[in-house]
Amino acid sequence: ISVDGDQEKMLAELVETIIPATTTPGAKELSAHLFTLIMMDDCYKKEDQQRWLNGMKAFEQASKKLNGQRFLDSTAPQRAALLTSLEAAKDAKEDVAFFYRTTKRLTIQAYTSSKYFLTKVDIYELVPARFHGCVPLKPITHKLS
């Protein structure tokens, strides 16, 4: 996939808007935007890659239409408003919807499979892992004859 520097920066800000930094790192800090580019390049058909790239351009146009400026130049509330409008969009067949939904899904995948998430948030245990039963065990109180 061929993206320029501004497109990569825009993608980084988009993933950060999807999963912002709070007391935990945001998606941008965990390089979810780079994961998204790698997944698009390695795992998607050429037609879907082109549709995603077309959607990226349409995403910028949607930002200019809604906020009067590029996504990179928009404020955090303006960015959130754009994403809210895309979430509410009913036509999922448009390239912009494909771009946004695919990027959102890959961002969540990148974040939840990151080293940070699996060591600090949802601690991963190798198989066979511990058994976490839902019924407490009671000691046997009767004796066998």
Side-chain angles (χ1 to χ4, degrees), residues 1-140:
I1 288 205
S2 178
V3 296
D4 61 30
D6 280 345
Q7 289 173 320
E8 186 178 330
K9 288 176 189 175
M10 184 276 296
L11 189 60
E13 292 305 318
L14 173 58
V15 301
E16 186 68 17
T17 305
I18 294 170
I19 303 178
T22 55
T23 56
T24 60
K28 180 179 171 182
E29 187 177 339
L30 298 180
S31 300
H33 61 294
L34 299 177
F35 176 86
T36 300
L37 290 172
I38 291 169
M39 291 297 287
M40 283 306 301
D41 196 37
D42 292 349
C43 301
Y44 283 80
K45 296 183 286 186
K46 293 290 180 196
E47 304 86 49
D48 290 336
Q49 292 175 357
Q50 190 58 50
R51 187 174 177 202
W52 188 81
L53 288 170
N54 292 341
M56 181 184 282
K57 292 173 186 167
F59 180 81
E60 280 290 8
Q61 292 170 351
S63 178
K64 288 177 184 175
K65 182 179 178 183
L66 183 69
N67 300 324
Q69 54 195 353
R70 298 179 323 148
F71 189 76
L72 276 174
D73 300 329
S74 300
T75 63
Q78 289 174 323
R79 291 176 182 177
L82 176 60
L83 299 191
T84 301
S85 71
L86 290 173
E87 288 285 342
K90 302 222 186 288
D91 190 6
K93 294 181 181 180
E94 290 184 22
D95 289 346
V96 68
F98 177 77
F99 166 75
Y100 172 67
R101 290 190 174 111
T102 302
T103 302
K104 180 180 175 183
R105 184 172 35 78
L106 291 172
T107 299
I108 293 168
Q109 181 181 353
Y111 195 86
T112 57
S113 62
S114 69
K115 180 179 179 181
Y116 171 81
F117 186 84
L118 293 174
T119 57
K120 305 288 186 203
V121 178
D122 187 18
I123 299 172
Y124 175 77
E125 294 182 18
L126 292 173
V127 173
R130 293 185 181 86
F131 175 74
H132 301 286
C134 61
V135 179
L137 294 176
K138 297 180 183 175
I140 299 175

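Every value quoted in this text rests on a predicted model; they were computed, and no experiment measured them.
In this structure a side-chain-to-backbone donor-acceptor pair under 3.5 Å is missing from Thr103 to Tyr100. The backbone N or O of Val3 sits nowhere less than 3.5 Å from a side-chain atom of Glu8 that would complete a donor-acceptor pair. Side chain of Gln50 to backbone of Glu47: no donor-acceptor contact under 3.5 angstrom is found. In this structure a side-chain-to-backbone donor-acceptor pair under 3.5 Å is present from Arg79 to Leu72.
Pro25 and Tyr111 make their closest contact through O-OH, 2.8 Å (heavy atoms, listed as atom of the first residue, atom of the second, distance). For Asp95 against Arg51, the heavy-atom pair with the smallest separation is OD1-CG, 3.0 Å. Here the closest non-hydrogen pair linking Lys115 and Thr119 is O-OG1, 2.6 Å.
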*Output, in order, the C-alpha distance, side-chain angles, deciding distance and verdict of side-chain contact (heavy atoms from CB on, under 4.5 Å) for Asp6 and Arg70.*
CA-CA 10 Å; Asp6 280 345; Arg70 298 179 323 148; 3.6 Å; yes

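Between Phe98 and Tyr44, the ring planes lie perpendicular to each other; the angle is over 60°, past the 30° to 60° tilted range.
Considering only heavy atoms from C-beta on, Leu83 comes within 4.5 Å of Leu14 through its side chain. Taking 4.5 Å as the limit, some side-chain heavy atom of Thr24 sits within range of a side-chain heavy atom of Tyr116. Side-chain contact between Ile19 and Thr107 is present, with heavy atoms from C-beta onward closer than 4.5 Å. For the pair Arg105 and Thr102, the minimum side-chain heavy-atom distance is below 4.5 Å.
In this structure, CD on Glu87 lies 10.5 Å from CG on Leu82, to the nearest 0.5 angstrom. To the nearest 0.5 angstrom, Ser2 atom OG is 11.0 Å from Gln49 atom CD.
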What donor-acceptor contacts under 3.5 angstrom involve side-chain atoms of residues 56-66, with partners at least two apart or in another chain?
unit_1: Glu60; atom_1: OE1; unit_2: Phe71; atom_2: N; d: 3.0
unit_1: Ser63; atom_1: OG; unit_2: Gln69; atom_2: O; d: 2.9
unit_1: Ser63; atom_1: OG; unit_2: Phe71; atom_2: N; d: 3.2

Exercise answer: donor-acceptor pairs, residues 28-43 side-chain atoms, under 3.5 Å, sequence neighbours excluded:
unit_1: Lys28; atom_1: NZ; unit_2: Glu13; atom_2: OE2; d: 2.6
unit_1: Thr36; atom_1: OG1; unit_2: Ala32; atom_2: O; d: 2.9
unit_1: Asp41; atom_1: OD1; unit_2: Ile1; atom_2: N; d: 2.7

